[in-house]
Number of protein chains: 2
Amino acid sequence: MPSDTAKQADISRCEQCAIRHRAVCGALDPEELVKLNRIAHTRTIKAGSVIISDESAPSFFANVMSGVIKLTKTLADGRQQIVGLLFPPDFLGRAYSGSNPYFAEAATDVELCCFSHDSFQRLLKEHPGLEHRLFERTLDELDSAREWMVLLGRKSAEEKVASFLLLLAHRHAMRGCPHSTTPGAPCFELPLKRADIADYLGLTIETVSRQITRLKKADVIRLHENRIITVPHLEALAKIAGQELPPIH
Amino acid sequence: MPSDTAKQADISRCEQCAIRHRAVCGALDPEELVKLNRIAHTRTIKAGSVIISDESAPSFFANVMSGVIKLTKTLADGRQQIVGLLFPPDFLGRAYSGSNPYFAEAATDVELCCFSHDSFQRLLKEHPGLEHRLFERTLDELDSAREWMVLLGRKSAEEKVASFLLLLAHRHAMRGCPHSTTPGAPCFELPLKRADIADYLGLTIETVSRQITRLKKADVIRLHENRIITVPHLEALAKIAGQELPPIH
DNA sequence: CGACATGTTGAACCTCATCAACCGACGTGG
DNA sequence: CCACGTCGGTTGATGAGGTTCAACATGTCG
């Protein structure tokens, strides 16, 4: 295989990538991108399967291309809490740590763009820009985690469910071009089943179900086939969630 | 003042620092330390006063030398949640962000070792080792935040209070030499009042008070003058907290 | 068809929040 | 000096919000 052609293919694969500009690789210039591409491979994962498990050194890092990943922690007696959700173009994997202190599990079918642990570490060492970008992402994750702590510690069941739906609406609005404003009533799919929503909000399945029916009856949301949600008035939902509308930037 | 002597003083000030090896500055070599020292100044803060406020660009970063800082978020109607506690030798300030999304408030009297925003950013740019160290700290903070999410979402009031006391015991054991093992019954001061503990655990003052009396009556803890706590059997406390003993490393 | 997974709804119960009274320590001003 | 208010903490009575347990509905897959 002529190396020139291969190189072209390498570049174009990344440049055609849907999440190219918003993922961590956005920090890289074309030459670096070639290197990254050499060590990258895509992987698809079925809903429900474990991607990274507790206490064992993860063998790879990855960009989330599509689908949703849940990060979970479980107490000895089985109580579970989702401590983070990853949507495209989020990054999966804790740089520099021997082991992740949580499980990563596919909430839906997931496509990943994976990098082996060693080669990614090498890339990280060579390109401070990449580390910097990863650092900023981590700071954002920390902010989200703290925002969620307020929800878990202080919000009522109704506020929790409304906040969750608002989060989904927000992430859905950001899925495409980051500058697209979203006029009209947002409409998106529920990527999590009731049990997962409950584990994310610190509630039970039943309470989540009841609160969703309440919001439905109040016409704050509309539900189709139990998966598709439309929100006629985002402000109404935000008001119930007990928070201002998050800025779409 | 002869510059040689000044330089000596600069070095020795940092080298005598109690938190020197465990703080972020541990990443710096002697020469870098001199630079850092030039831009550093200590500051003491009274319990209860606000250090960094929401939405305004913080003008400095700092190492916590002594005391405890609480990071708080407040909902529109006044409900409050503590989203993080900083003990020595933790680092205060979000690198690279325009504004902190929370308040930082002195829970006790606090001593800080402050760096002005601009000069610290400059130092950060020049010394990748420092950024790297800061990154690792941030990852640890993220882990703690997620651990706390489990507590907030899934633990009972009794487990929450026990977990909090366990956290204090742990941080207290780490205060001195990082390799010191702690034989015997741990004994430490409660740095937070009931209201703060409640805001940290997502409970009310009354519930916190009741749970502490319960633990006292069960002789899991002993309380002197309402501030000093001794734990006769750490394992008993850990068992109630619903978690294994955190490793002292 | 039956087995299973997912979700909804109802009734009973329980944990924790709420409201209120009270206590001791402390500081301040008459 | 004491009366007074304030602050931090404790304790009790009551009730609401969520959990728990159970039954049922719906859809899917063998």
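We use all heavy atoms of the structure for the numbers below, so side chains are in, but hydrogens, waters and symmetry mates are not. Letters A, B, ... are given to chains in the order of the sequence lines, protein chains preceding strands, and every chain is numbered from 1. Since the model is a prediction, treat every value here as computed from it, not as a measurement.
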Any side-chain N or O of [X] under 4.0 Å from OP1/OP2 of [N]?
{"X": "Thr213(B)", "N": "dT11(D)", "answer": "yes"}
{"X": "Thr207(A)", "N": "dT19(D)", "answer": "yes"}
{"X": "Arg194(B)", "N": "dG9(D)", "answer": "yes"}
{"X": "Asn226(B)", "N": "dG24(C)", "answer": "no"}
{"X": "Arg210(B)", "N": "dT11(D)", "answer": "no"}
{"X": "Thr204(A)", "N": "dT19(D)", "answer": "yes"}

Counting heavy atoms from C-beta on, name the nucleotide in dT11(D), dT19(D), dT8(C) closest to the side chain of Glu206(B). dT11(D)

Here's a test of your reading of the structure: between Arg154(A) and Ile205(A), which maps to the more 5' nucleotide of DNA chain C? Ile205(A)

Scanning both residues in full, the closest heavy-atom pair of Pro88(A) with Ser66(A) reads CG-CA, 3.6 Å

Can you tell me the distance, in whole Å, between the [atom1] atom of [X] and the [atom2] atom of [N]?
{"X": "Ile212(A)", "N": "dG7(C)", "atom1": "CD1", "atom2": "C1'", "result": "10 Å"}
{"X": "Gln211(B)", "N": "dT10(D)", "atom1": "CD", "atom2": "C1'", "result": "14 Å"}
{"X": "Leu203(B)", "N": "dG17(D)", "atom1": "CG", "atom2": "P", "result": "18 Å"}

According to side chain to side chain donor-acceptor pair (under 3.5 Å), who are the partners of Thr74(B), at least two apart in sequence or on a separate chain? Gln80(B)

Within the structure shown, what part of the strands sits under 4.0 Å from Gly48(B) by heavy-atom distance: base, sugar-phosphate, or nothing? nothing

Should the ring pair Tyr200(A) and Phe164(A) be called parallel, tilted or perpendicular, given that the plane angle runs from 0 to 90° and is split at 30 and 60? perpendicular

